[in-house]
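Reminder, nothing fancy here: chain letters follow the sequence lines and each chain counts from 1.
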2 protein chains.
Amino acid sequence: MDLSDTSSARSSSLDDLEIIEPLCAVFRRRLKAEGLKYTPERAQILDAILSMDDVFQADRLLESMKGQGFRVSRATVYRTIKLLEDAKILQQVLVDSEQAHYQLAYGTHSAGLIVRTDTHEISSIEAPGLLELRNKVCAELGLKPEGHRFVIYASAKPAPDA
Amino acid sequence: MDLSDTSSARSSSLDDLEIIEPLCAVFRRRLKAEGLKYTPERAQILDAILSMDDVFQADRLLESMKGQGFRVSRATVYRTIKLLEDAKILQQVLVDSEQAHYQLAYGTHSAGLIVRTDTHEISSIEAPGLLELRNKVCAELGLKPEGHRFVIYASAKPAPDA
DNA sequence: GTCGGTGCAAATGCTTTGCATTGAT
DNA sequence: ATCAATGCAAAGCATTTGCACCGAC
């Protein structure tokens, strides 16, 4: 199963489609291309993901869905997340070694994240030059870059008084 | 338990000590400062770590030790790794969401890693400017930087023929 | 009507923990 | 001697999987 295939009639990348085509349509198309089915559960899960924070965890997603009255099983949530990863709609981000975190892959976040060590909030950041740095390093080593990730850990500054 | 305390007689940071003081001495001192014991198992584990690859996993460490005829329990390995992390001798690096990976914290690796997606080899890299980038981003957000990590995923270049 | 999908519960795999015993200081 | 450390086996947790039933195509 390779949902990342882009050699269909519309071969544009996700980046191009995000604005003009809703993600659910992208997903549906990728599924069909693999002979897989676009079920209500999968639609609901993608929908719920769109209403989550930038970076979320599978368990929180399930929790959120249950809170909204959806009846999905944990297994289906995990299975669908995996499908969305395969389809390059979702990507895993490594924040800590506890639970997997995910974020939408469209919009070409510069793969930069800032993790608040005090509040545990996570957000994407603009960190220019990473791509170039990555490519330079890979070129020097004679390797083909596949991806990269930059995570900053930070906390609130101490009160400026005293 | 706070092994990271550096307010003892010798208050220099690990970075200063790495060359002039063997890590086992550092560890021993930090343990003593906390009223903990420097056991043969702990010494052996630290020793085994020094002979591991730059980046290693707890399980591989245990395996390697068993291969060398040491008789440590899995529990002790995990417990000691945690102590070494507390003591800032070891640090966790996030490479994938499967298993935790560790590397020695001394030597001020620039917190850059390259992960081969084909062979799964992991090595540290020099990636200049990351610290500055981190500090700049944090300054803009009014946050205090605590740490950062840059991971590049790459594979062998396809054969240059054809 | 066919496969693939779903939910459930059991299984997995890494890591942690309770407890009785052992050992460093 | 004391109090922490060890080893074992059991427990925990996030995630995955087997299986019987269900439903999208």
Side-chain angles (χ1 to χ4, degrees), chain A residues 1-3 24-25 27-46 48 55-66 69-87 90 92-102 120, chain B residues 1-3 24-25 27-46 48 55-66 69-87 90 92-102 120:
Chain A
M1 187 196 321
D2 177 19
L3 292 182
C24 58
F27 191 28
R28 175 175 230 153
R29 183 159 42 77
R30 300 269 168 112
L31 286 171
K32 181 177 279 183
E34 288 295 322
L36 304 178
K37 290 165 187 170
Y38 185 68
T39 64
E41 285 84 358
R42 289 177 182 175
Q44 286 162 8
I45 290 170
L46 178 52
V55 176
F56 67 91
Q57 292 152 284
D59 229 55
R60 297 264 175 271
L61 173 62
L62 178 63
E63 219 170 72
S64 159
M65 292 187 72
K66 297 229 159 160
F70 289 112
R71 235 154 308 182
V72 246
S73 73
R74 186 177 308 272
T76 298
V77 166
Y78 278 103
R79 284 189 278 232
T80 302
I81 285 177
K82 188 153 286 181
L83 283 176
L84 288 165
E85 273 191 271
D86 290 343
L90 221 50
Q92 222 185 77
V93 297
L94 296 172
V95 164
D96 58 44
S97 50
E98 309 298 302
Q99 251 176 89
H101 295 244
Y102 300 90
H120 298 107
Chain B
M1 188 195 319
D2 177 20
L3 291 183
C24 58
F27 190 29
R28 175 176 229 153
R29 184 159 42 78
R30 300 270 170 112
L31 285 171
K32 180 178 279 183
E34 288 295 322
L36 303 178
K37 291 163 186 170
Y38 185 69
T39 64
E41 286 84 358
R42 289 177 182 174
Q44 286 162 7
I45 289 169
L46 177 51
V55 175
F56 67 92
Q57 291 153 283
D59 229 55
R60 297 263 174 273
L61 173 62
L62 179 64
E63 219 169 73
S64 158
M65 292 187 71
K66 298 228 161 165
F70 289 111
R71 235 153 308 175
V72 246
S73 72
R74 186 178 307 274
T76 298
V77 166
Y78 277 102
R79 285 189 278 232
T80 303
I81 285 177
K82 188 154 287 178
L83 284 176
L84 289 165
E85 272 191 272
D86 291 343
L90 221 50
Q92 224 186 75
V93 296
L94 296 172
V95 165
D96 58 46
S97 50
E98 309 298 302
Q99 249 177 90
H101 295 245
Y102 300 90
H120 298 107

- Most 5' of B:Val77 and A:Ala58 on DNA chain D, judged by nearest nucleotide: B:Val77
- Tell me which of A:Pro40 and B:Val72 sits closer to the 5' end of DNA chain D, going by the nucleotide each one is nearest to. B:Val72
- For B:Arg71, report the nucleic acid contact type (base, sugar-phosphate, nothing); a contact means any heavy atom under 4.0 Å. sugar-phosphate
- Distance (rounded to the nearest 0.5 Å) between B:Gln44 CD and B:Thr80 OG1: 10.0 Å
- Note on the structure: Of the candidates D:dT15, C:dT6, C:dA9, the side chain of A:Ala75 sits closest to C:dA9
- If you check the B:Leu36 side chain, which of D:dA5, D:dG7, C:dG5 turns out closest? D:dA5
- Task: Could you check whether B:Arg79 gets within reach of a base, just the sugar-phosphate, or nothing at all, counting any heavy atom under 4.0 Å?
- Result: base
- D:dC8, C:dT15, C:dT25: which one has an atom nearest the side-chain heavy atoms of B:Tyr38? C:dT25
- Looking at D:dT15, D:dT6, D:dT16, which one has an atom nearest to any side-chain atom of B:Thr39? D:dT6
- Note: A:Lys66-A:Glu63 ion pair, threshold 4.0 Å (strictly below): no
- Query: From C:dG23, D:dC25, C:dC14, pick the nucleotide closest to the side chain of B:Lys37?
  - Reply: C:dG23
- Message: Heavy atoms only, 4.0 Å cut-off, all strands: where does B:Arg42 land among base, sugar-phosphate and nothing?
- Response: sugar-phosphate
